[in-house]
Amino acid sequence: MSTIIRNDWTREEISEIFNMPIMDLIYRGATVHREFHDAQEVQVCTLLSVKTGGCPEDCAYCPQAARYHTDVKVHKLLPKEEVLQRAAEAKSSGSTRFCMGAAWREVRDNRDFDNVLDMVKGVSQMGMEVCCTLGMLSPEQAKKLKDAGLYAYNHNLDTSEEHYDEIITTRNYDDRLNTIDAVRDAKISVCSGGIIGLGEKEEDRIGMLHTLSTMVEHPESVPVNALVPVPGTPLEDQPRVSVWEMVRMIATARIIMPKAMVRLSAGRVRMSEEEQALCFMAGANSIFAGEKLLTTPNPEVDADKKLFQTLNLKPRKAFKEAKQKEMV
Ligand code: SAM
Ligand code: DTB
Ligand code: SF4
């Protein structure tokens, strides 16, 4: 069977896939996964919060929004030396992508941005894929990041357009889409996905997957996060999402965006090895490693080592490296 890449999915088609009997859905996800990827390979990425907390936005899930009273300690932009040190540690523990996150609404053209550009240069020179998630960007800022060596930019849709203003009121869906366009136009790889467990309906999950899979080009990377409910945020009491909901999201994303890296992102800390195995089976091929995501806990490095051994998985080489080799 040869699967073609489609950008004209309808909501009905996506809904039919999403609602397949779960075993058939996993089987189909696993089949498409094997057609486009080496199913033993999982990309390992490391996150670092380079500027933490104090964010003016009101994202209902986020522990870094200034208006909610969470345990997150506000921290100004980290010095470049510390960031490069952390990137070197991540590289030596097997990560091939290093993602720097800042709790900003948008990037401003100031000294902090110049410092981030310097960090991007430094990490890129270490041979890692460097990724940033800094909030909204203008086309000019995207271009500056590209010139500094940025490989990818993370900007999540988070939920469907219809559900968006239940979760965030300080910006709108079009703001999100415009930044993604600016990133794509600057020839930076797009990383965009969302969160489940925000109180959204099934049609919102399908709606978000529809928006992602009908972009002119699919995002190269699609993170699927399970809400980490943080005390002090409006969503602190949301019930835990079940593994079956994660599996349905991951398999559907894999089937409709076959080439994308589908990232099993936030929420792993509460999943057993068996639950994570189901997600890999359904088509996930990337994780965030390291004891912390941005501000919340993630599985211990040793637990992930054991997970990879048990499931016979191996960390994927950087795409960047593969591309450089092809060019020689
Ligand atoms: N401020 C920038 C932005 O919003 O784009 C970048 C950092 S923001 C923390 C990056 C992403 O983290 C969000 O888009 C959201 O998908 C995810 N995130 C934040 N808090 C989360 C939580 N409690 N559970 C799961 N995902 C979360
Ligand atoms: C993404 O989709 N998930 C990561 C990364 N992109 C930036 C962030 C998850 C954050 C979870 C909450 C926290 O640790 O603060
Ligand atoms: Fe700010 Fe990003 Fe958190 Fe929203 S998700 S409050 S924009 S750090």
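In each ligand, atom 1 is the first atom listed, and ligand 1 is the first ligand listed. What you are looking at is a predicted structure, and each value in this text was computed from that prediction instead of being measured. One is the number of the first residue; the rest follow in order along the sequence. The analysis underlying the following values was restricted to heavy atoms, covering all of them including side chains, and did not include hydrogens, waters or symmetry mates.
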Exercise for the section: Answer with yes or no whether G135 contacts ligand 1, where contact means a heavy atom under 4.0 Å from a ligand atom. Expected result: yes
Exercise for the section: Pick whichever of L235, T233, T133 has a heavy atom sitting closest to atom 7 (C) of ligand 1. Expected result: T133
Handout entry: Those atoms of ligand 1 less than 4.0 Å from some heavy atom in L294
Key = 9 (C)
Handout entry: Geometric N/O contact N154 with ligand 1, under 3.5 angstrom
Key = no
Handout entry: Under-4.0 Å salt bridge between D38 and K314
Key = yes
Practice task
Hey, can you tell me if Y153 and H155 have their rings parallel, tilted or perpendicular (30° and 60° cut-offs)?
Solution key: tilted
Handout entry: Protein N, O or S atoms lying under 2.8 Å from atom 1 (Fe) of ligand 3, listed by chain and number
Key = C55 SG
Practice task
Please confirm whether R176 comes within less than 3.5 Å of ligand 1 when only nitrogen or oxygen atoms on both sides are compared.
Solution key: yes
Handout entry: Presence of salt bridge, E89 and K91, under 4.0 angstrom
Key = no
Practice task
Report the part of C55 (side chain from C-beta onward, or backbone N, CA, C, O) that has a heavy atom under 4.0 Å from ligand 1; answer both or neither where that applies.
Solution key: neither
Exercise for the section: Would you verify that at least one protein heavy atom lies under 4.0 Å from atom 2 (Fe) of ligand 3, or report that none does? Expected result: no
Practice task
Have a look at ligand 1 and work out which part of A226, if any, has a heavy atom under 4.0 Å from it: side chain, backbone, both or neither.
Solution key: backbone
Handout entry: Pair R28 + D24: basic N to acidic O under 4.0 Å
Key = no
Exercise for the section: Please determine if E106 and R171 form a salt bridge, counting it only when a charged side-chain N lies under 4.0 Å from a carboxylate O. Expected result: no
Handout entry: R86 with E81: basic N within carboxylate O range, under 4.0 Å
Key = no
Handout entry: Contact (N/O only, under 3.5 Å) between R171 and ligand 1
Key = no
Problem - Identity of the nearest option to atom 7 (S) of ligand 3, non-hydrogen atoms only, from M136, R171, E106, R67 - result: R171
Problem - Contact (N/O only, under 3.5 Å) between V228 and ligand 1 - result: yes
Completion exercise
ligand 3 to Y61, heavy atom cutoff 4.0 Å, flagged ligand atoms 5 (S)
Fill in the blank from the handout: For A266, the atoms of ligand 1 under 4.0 Å from one of its heavy atoms are 25 (C)
Exercise for the section: Establish whether L47 and M271 are linked, either directly or via other cluster members, by ILVMFWY side-chain heavy-atom contacts under 4.5 Å. Expected result: no
Practice task
Output yes when a protein non-hydrogen atom is found under 4.0 Å of atom 5 (O) of ligand 1, and no otherwise.
Solution key: yes
Problem - From CA spacing to verdict: side-chain hydrogen bond (donor to acceptor under 3.5 Å, both in side chains), D58, T170 - result: CA-CA 6 Å; D58 70 352; T170 47; 3.2 Å; yes
Handout entry: atom 17 (C) of ligand 1 [closest protein heavy-atom partner, distance rounded to 0.1 Å]
Key = I195 CD1, 4.2 Å
Exercise for the section: Start with the C-alpha gap between R184 and E220, add the side-chain angles, then the distance that decides, and say whether salt bridge (Lys or Arg N to Asp or Glu O under 4.0 Å) holds. Expected result: CA-CA 10 Å; R184 171 78 64 220; E220 281 81 11; 3.1 Å; yes
Handout entry: Heavy atom of the protein closest to atom 20 (N) of ligand 1 (residue, atom name, distance)
Key = Y61 CD1, 3.4 Å
Handout entry: Separation of N225 CG from I196 CD1 (nearest 0.5 Å)
Key = 9.5 Å
Practice task
Check whether any heavy atom of G194 sits under 4.0 Å from an atom of ligand 1.
Solution key: no
Practice task
Considering only NZ, NE, NH1 and NH2 on the basic side and carboxylate oxygens on the acidic side, decide whether K143 and D185 come within less than 4.0 Å.
Solution key: no
Practice task
State plainly whether the residues E275 and R240 are in salt-bridge range, i.e. N to O under 4.0 Å.
Solution key: yes
Exercise for the section: Could you state whether L209 and F36 fall into the same hydrophobic cluster, counting links through intermediate Ile, Leu, Val, Met, Phe, Trp or Tyr residues with side-chain heavy atoms under 4.5 angstrom apart? Expected result: yes
Problem - Check: V241 and M246 side chains under 4.5 Å, non-hydrogen atoms - result: yes
Handout entry: More than 12 heavy atoms from other groups under 6.0 Å of CG on D8
Key = yes
Problem - Heavy-atom pair of closest approach, residues C132 and V116 - result: SG-CG1, 4.3 Å
Identify the protein atoms, limited to N or O, that lie within less than 3.5 Å of an N or O atom of ligand 2, and list each pair with its distance to 0.1 Å.
residue	atom	partner	partner atom	Å
ligand 2	2 (O)	N156	ND2	2.8
ligand 2	2 (O)	N225	ND2	2.8
ligand 2	3 (N)	N225	OD1	3.0
ligand 2	14 (O)	L294	N	3.0
ligand 2	14 (O)	T295	N	2.9
ligand 2	14 (O)	T296	N	2.9
ligand 2	14 (O)	T296	OG1	2.8
ligand 2	15 (O)	T295	N	3.1
ligand 2	15 (O)	T295	OG1	2.6

Exercise for the section: Name the closest protein heavy atom to atom 16 (O) of ligand 1, giving the residue it belongs to and the distance to 0.1 Å. Expected result: D158 OD1, 2.6 Å
Exercise for the section: Output yes when a protein non-hydrogen atom is found under 4.0 Å of atom 26 (N) of ligand 1, and no otherwise. Expected result: yes
Practice task
Using a strict cut-off of less than 4.0 Å between a Lys/Arg side-chain nitrogen and an Asp/Glu carboxylate oxygen, indicate whether R248 and E202 qualify as a salt bridge.
Solution key: no
Handout entry: K146 bridged to E140 by N-O distance under 4.0 Å
Key = no
Exercise for the section: Write out the residue and atom name of the closest protein heavy atom to atom 11 (C) of ligand 1, then the distance separating them to 0.1 Å. Expected result: N156 ND2, 3.9 Å
Problem - F288 with I250, same ILVMFWY side-chain cluster at under 4.5 Å - result: no
